[in-house]
**Student:** 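Here it is: the structure, laid out below.
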Amino acid sequence: MRDEQTQQIAQQIQTIKALAKQRNAIILAHNYQPPEIQDLADLCGDSLELSRKAAQTDAEVIVFCGVHFMAETASILSPHKKVLLPRLDAGCLMADMITAEALAHKIQSLPPMPVVTYVNSTADVKALSTVCCTSANVVQVVNSLSADEMLLTPDRNLAMYAASRTGKKIHIWEGYCPTHEWLTPEDVANARAAHPGAVFLAHPECRPEILQLADVIASTSGMLRHVAQAREREFIIGTEQGIIHPLRKANPDKHFYPASKKMICKNMKKIALDDVQRCLENLSNEVKVPESIRVPALKAVELMITLRV
Ligand code: 13P
Ligand code: SF4
């Protein structure tokens, strides 16, 4: 039964790849996507890598296997390409914790200062921001600004992490990623007790008390890089469980344990092979950011990219 299923998946992947070729489409997948979607993709990566790739590709169609804000970022960078999100209902709970209206209000209540916005945000929030950042480059982006005081939205954990690493005064927005927020020090203690000697890697979206316990703090691609060159063989993974698939693929001799079984983002698990096939067949599920928002949002995203951090 298992073999039959594996064969079916392999066949469908071949069908979708042929369809993508026909459509001159590139398939991108975030590191949290289900294994078969990552295996299908032309490129897997973190938010920063994927947004760069989306900007560079010659493909006419980008199929973004991720969540809505990622497809929007691709549309911001590539207005002449068709950007498809195989499940339009794949949102981000953290991105939904801020609106452009609420941000405009906050900006008015503060003295003039730069607004740094995590890419995990909607296009209209980016449009009100000075510069974007990702979890991989937040410290460098904050350090690249001449200002010593700024607002960082929407992730309070990322903001506190950046403040602790840069010494700058950072105003926080009370947003968070539930998948990371729910990881507790008890979960970490239990995982360490079950796997003594394993290296604990935590994503900067985790709470400060978790980051204090971490051996390594890294974005998803940072984790992949760290593990590849590490001499240790066992790792406790403090981020969404999807990352364990590429970690195992790239390091078959190493062992990976989720820091908590709760670390699953439902939105990241919505896309199935059928959804990718359907949207390529029909060129449906387009995400397009209107010009009035795209142009100011592009400024913030481009500034991050041109900083080369
Ligand atoms: P990165 O891949 O940039 O580390 O992002 C984490 C995340 O939560 C994406 O939704
Ligand atoms: Fe959003 Fe968190 Fe899911 Fe990433 S893991 S898409 S930040 S809810």
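The residues of the chain are indexed from 1 along the displayed sequence. Every heavy atom of this structure was used, including side-chain atoms; hydrogens, water molecules and symmetry mates were not.
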**Student:** Taking Q11's backbone N and O only, do any of them form a donor-acceptor pair with T15's side chain (distance below 3.5 Å, no angle check)?
**Tutor:**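 Flag set: sc T15 to bb Q11 pair under 3.5 Å.
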
**Student:** Determine the minimum heavy-atom distance between P154 and N120, stating which atoms define it.
**Tutor:**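 So the minimum-distance heavy-atom pair works out to CG-O, 3.6 Å.
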
**Student:** Looking at SG of C132 and NZ of K126, how far apart are the two atoms once the value is rounded to the nearest 0.5 Å?
**Tutor:** 5.5 Å

**Student:** Taking all non-hydrogen atoms of both residues, which atom of C133 and which atom of V116 are closest, and how far apart?
**Tutor:** SG-CG1, 3.9 Å

**Student:** Kindly say whether V289 contributes a backbone atom to a donor-acceptor pair with the side chain of R294 at under 3.5 angstrom?
**Tutor:** no

**Student:** Decide yes or no for L28 and I62: does some side-chain heavy atom of the first lie under 4.5 Å from some side-chain heavy atom of the second?
**Tutor:**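 A side-chain contact exists here, since the closest heavy-atom pair is under 4.5 Å.
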
**Student:** Listed by chain and number, what are the side chain to side chain donor-acceptor pair (under 3.5 Å) partners of K82, not counting sequence neighbours?
**Tutor:** E286

**Student:** Any idea which heavy atoms bring I271 and F64 closest together, and the distance?
**Tutor:** CD1-O, 4.2 Å

**Student:** For I16, is there any backbone N or O sitting under 3.5 Å from a side-chain donor or acceptor partner on Q277?
**Tutor:** no

**Student:** Could you tell me whether the side chain of S121 and the main chain of T117 form a donor-acceptor pair under 3.5 Å?
**Tutor:** no

**Student:** Strictly distance-based, threshold 3.5 Å: is any side-chain N or O of T179 a donor or acceptor partner for the main-chain N or O of E240?
**Tutor:** no

**Student:** What do you reckon, is CG of N282 surrounded by more than 12 foreign heavy atoms closer than 6.0 Å?
**Tutor:**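 Counting other residues, nucleotides and ligands, CG of N282 exceeds 12 neighbours.
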
**Student:** For the residue pair H255 and Y257, does the interplanar ring angle fall in the parallel (under 30°), tilted (30 to 60°) or perpendicular (over 60°) class?
**Tutor:** parallel

**Student:** Ignoring hydrogens and angles, tell me if any N or O in the side chain of K262 forms a donor-acceptor pair with the backbone of L183 under 3.5 Å.
**Tutor:**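 Absent.
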
**Student:** Does anything in residues 141-192 pair up under ring-ring contact (aromatic ring centres under 6.0 Å, His included), and if so which pairs, sequence neighbours excluded?
**Tutor:**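 Qualifying pairs, neighbours excluded: H180-H203.
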
**Student:** In this structure, would I217 and L152 fall into the same cluster of hydrophobic residues linked by side-chain contacts under 4.5 Å?
**Tutor:** yes

**Student:** To check you understand the geometry: which heavy-atom pair defines the closest contact between I210 and P185, and what is its length?
**Tutor:**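 The pair with the smallest heavy-atom distance is CD1-N, 3.5 Å.
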
**Student:** Sub-3.5 Å donor-acceptor pair from the side chain of R233 to the main-chain atoms of D253, do we have one?
**Tutor:** yes

**Student:** Would you check if L201 and I236 make a side-chain contact, meaning some heavy-atom pair closer than 4.5 Å?
**Tutor:** no

**Student:** Is the side chain of K269 donor-acceptor paired with the backbone N or O of I264 at a distance under 3.5 Å, no angle test?
**Tutor:**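 No.
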
**Student:** So for atom CD, which belongs to E101, do other residues, nucleotides or ligands contribute more than 12 heavy atoms lying within a distance under 6.0 Å?
**Tutor:** no

**Student:** With rounding to the nearest 0.5 angstrom, report the OH to CZ distance, Y118 to R156.
**Tutor:**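 Rounded to the nearest 0.5 Å, the OH-CZ separation comes out at 14.5 Å.
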
**Student:** Looking at R192 and D215, is there a salt bridge between them, counting it only when a charged N and a carboxylate O are closer than 4.0 Å?
**Tutor:**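 So D215 pairs with R192 through a salt bridge.
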
**Student:** Between S129 and A300, what is the shortest heavy-atom contact and its length?
**Tutor:**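 In terms of heavy atoms, the two residues are closest at O-CB, 3.6 Å.
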
**Student:** Tell me whether the count of non-hydrogen atoms from other residues, nucleotides or ligands lying under 6.0 Å of CD in Q108 goes above 12.
**Tutor:** no

**Student:** More than 12 non-hydrogen atoms from neighbouring residues, nucleotides or ligands closer than 6.0 Å to NZ on K254, yes or no?
**Tutor:**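 Count over threshold, so yes.
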
**Student:** Could you walk me through whether D187 and T184 pass the side chain to side chain donor-acceptor pair (under 3.5 Å) test, one step at a time?
**Tutor:** CA-CA 5 Å; D187 292 326; T184 64; 3.0 Å; yes

**Student:** In this structure, would L151 and L303 fall into the same cluster of hydrophobic residues linked by side-chain contacts under 4.5 Å?
**Tutor:** no

**Student:** Main chain of E49, side chain of D46: is a donor-acceptor contact present, judged purely on distance under 3.5 Å?
**Tutor:**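 Yes: the side chain of D46 pairs with the backbone of E49.
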
**Student:** Salt-bridge test for D39 and K249: reply yes if a basic N is under 4.0 Å from a carboxylate O, no otherwise.
**Tutor:**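 Here D39 pairs with K249 in a salt bridge, since their nearest N and O are under 4.0 Å apart.
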
**Student:** Under the salt bridge (Lys or Arg N to Asp or Glu O under 4.0 Å) rule, collect the residues that match up with K53, sequence neighbours excluded.
**Tutor:**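 Applying salt bridge (Lys or Arg N to Asp or Glu O under 4.0 Å) to K53 gives none.
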
**Student:** I243 vs L224, test: side chain to side chain contact (heavy atoms under 4.5 Å, CB included). Steps then yes/no.
**Tutor:** CA-CA 8 Å; I243 187 70; L224 281 158; 3.9 Å; yes

**Student:** Do I237 and P258 have side-chain heavy atoms sitting under 4.5 Å apart?
**Tutor:** no

**Student:** Taking side chain as C-beta onward, heavy atoms only, is F256 less than 4.5 Å from V227?
**Tutor:**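 Touching, per the 4.5 Å side-chain cut-off.
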
**Student:** Between I305 and V141, is there a shared hydrophobic cluster once you connect ILVMFWY residues whose side-chain heavy atoms come closer than 4.5 Å?
**Tutor:** yes

**Student:** Taking the side chain as everything from C-beta on, heavy atoms only, tell me whether I9 gets closer than 4.5 Å to L273.
**Tutor:** yes

**Student:** Please evaluate residues Q229 and H226 with respect to the criterion side chain to side chain contact (heavy atoms under 4.5 Å, CB included), reporting the C-alpha separation (whole Å), side-chain torsions for both, the decisive distance (0.1 Å), and the verdict.
**Tutor:** CA-CA 6 Å; Q229 48 80 39; H226 179 86; 3.5 Å; yes

**Student:** Check whether any side-chain heavy atom of V61 sits under 4.5 Å from a side-chain heavy atom of N24, and report yes or no.
**Tutor:**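 Answer no - side chains too far apart.
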
**Student:** Measuring only between side-chain heavy atoms, which start at C-beta, is E60 closer than 4.5 Å to R23?
**Tutor:**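 With C-beta onward as the side chain, the pair stays apart.
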
**Student:** Under the 3.5 angstrom rule, does the side chain of R87 hit a backbone N or O of D275 as a donor-acceptor pair?
**Tutor:** no

**Student:** Determine, using the 4.5 Å side-chain heavy-atom cutoff (strictly less than), whether L84 and I13 are members of one ILVMFWY cluster.
**Tutor:** yes

**Student:** So which heavy atom on A218 is nearest to which on G222, and how close?
**Tutor:**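 Looking at all heavy atoms of both residues, the shortest contact is CB-C, 3.7 Å.
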
**Student:** Do you know which of E205, R207, E181 makes side-chain hydrogen bond (donor to acceptor under 3.5 Å, both in side chains) with N157?
**Tutor:** E181

**Student:** Crowded around K169 NZ? As in, over 12 foreign heavy atoms under 6.0 Å?
**Tutor:**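 No, because the 6.0 Å sphere around NZ of K169 holds 12 heavy atoms or fewer from other groups.
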
**Student:** Roughly how far, to the nearest 0.5 Å, is the CE atom of M268 from the CG atom of N31?
**Tutor:**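 Answer rounded to 0.5 Å: 9.0 Å.
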
**Student:** Apply side chain to side chain contact (heavy atoms under 4.5 Å, CB included) to L77 and V301, showing your working.
**Tutor:** CA-CA 8 Å; L77 286 162; V301 175; 4.0 Å; yes

**Student:** How long is the gap from CG on L88 to OG on S284, to the nearest 0.5 Å?
**Tutor:**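 One finds 8.0 Å between CG of L88 and OG of S284.
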
**Student:** Say you draw a straight line from OG1 of T122 to CD1 of I98; how long is it, rounded to the nearest 0.5 Å?
**Tutor:**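 Reported value, rounded in 0.5 Å steps: 7.5 Å.
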
**Student:** Going from CG on D124 to CD1 on I293, what distance comes out if it is rounded to the nearest 0.5 angstrom?
**Tutor:**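 Taking CG in D124 and CD1 in I293, the distance rounds to 5.0 Å.
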
**Student:** Compare all side-chain heavy atoms of M150 with those of V115 and state whether any distance is below 4.5 angstrom.
**Tutor:**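 Contact flag for M150/V115 side chains = no.
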
**Student:** Is there a side chain to side chain contact (heavy atoms under 4.5 Å, CB included) between K106 and T153? Walk through the geometry before answering.
**Tutor:** CA-CA 11 Å; K106 178 83 178 172; T153 75; over 6 Å; no

